[in-house]
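Start at 1 and go down the list; that is how both ligands and their atoms are numbered.
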Amino acid sequence: HEMAKAESNVSDGLTLDLVRDSLIRQEDTIVFSLIERAKFPLNSPTYDPSYTSIPGSCGSLVEFIVKETEAIQAKAGRYENPEEHPFFPDNLPPSLVPHHKYPKVLHPAAMFVNINKMIWDMYFNKLLPLFVTPGDDGNYASTAARDLECLQALSRRIHYGKLVAEVKFRDERKDYEPAIRAQDRDTLIGLLTFANVEEAVKKRVAKKAVTFGRDVQLGDDGNKGKYKLDPAIVSRLYGDWVIPLTKEVEVEYLLHRLD
Ligand SMILES: O=C(O)C(=O)C[C@]1(C(=O)O)C=C[C@@H](O)C=C1
């Protein structure tokens, strides 16, 4: 089904190539946010609920930062954008800014797909210990702020799977419809998987880690193979978690595409 690329010509101008261009640009944001987080050691008190005793808040410092930041950003209209998904959607304050008419591209069922709990779990339990050094330098607030940027960048990329799925559905409706009617996950995964694209993504993000993770010097390249973030880990992050979670969003969206 590589043919779909050339043929897609939908009314709102959305094409698989355009959606993929956005995914590629978002790689820059993700790799750079990880580099920024890697400046700090693990700083485990950031994640320890017993470290803080903030009145009115019972979780860890990172939960406090994420919840409070999301509340401010919600008031500023961030979650009006269908591409943004909060980590703590309960009790978010309403937007206080004028309503912006985002183009209605997705099926309304898209609203109910939010896998940020899985992303949170993956980031803190699997990924973080892989790419930060052990240790504690006391910079917990800055550490939590960097975590939030990583989480938001990952969440945006993974939930972009809704748009990817929508374009694929429009391009190959007759293949997708029977699988959706049968609620057949495996067939849907088969239809939306492009192994060659996944391989290219994994190689490219490793190359971005090499490129962005160097010290820029005016004279000779003094890097001697030392990077701020291990390129192999970025490749693994994508292969083991980012791509599978994006596919999970694609399937969840498609299962309700005909509701
Ligand atoms: O580019 C696509 O077709 C996507 O669905 C995105 C993505 C990815 O997460 O990078 C996921 C599944 C495909 O197998 C290839 C790549």
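Salt bridge annotation for E149-R37: absent, with no cationic side-chain nitrogen under 4.0 angstrom from a carboxylate oxygen. The existence of a salt bridge linking R146 and E36 is excluded, since no basic side-chain nitrogen approaches an acidic carboxylate oxygen closer than 4.0 Å. Electrostatic pairing of E80 and K101 does not count as a salt bridge here, judged by no charged N lying under 4.0 Å from a carboxylate O. For K162 and E250, the salt-bridge test fails: no basic side-chain N is under 4.0 Å from an acidic carboxylate O.
Shortest contact from atom 4 (C) of ligand 1 to any protein heavy atom: K168 NZ, 3.4 Å.
Only backbone heavy atoms of L192 (N, CA, C or O) come within less than 4.0 Å of ligand 1; its side chain stays farther off. Residue contacts with ligand 1 for I243 involve both N, CA, C or O and side-chain atoms from C-beta outward (heavy atoms, distance under 4.0 Å).
Residue contact check: T246 has heavy atoms under 4.0 Å from atoms 9 (O) of ligand 1. Under a 4.0 Å criterion applied to the non-hydrogen atoms of T193, ligand 1 contributes the atoms 14 (O).
At least one N or O atom of F194 sits closer than 3.5 Å to an N or O atom of ligand 1.
Counting heavy atoms only, E198 comes closest to atom 15 (C) of ligand 1 of the residues R157, E27, E198. In this structure, of E199, E250, K247, R20, the residue bringing a heavy atom nearest to atom 6 (C) of ligand 1 is E250.
Looking at Q26 and Y160, their side chains never bring a donor and an acceptor atom within 3.5 Å of each other. T15 and D17 share no donor-acceptor pair across their side chains, judged by distance under 3.5 Å alone.
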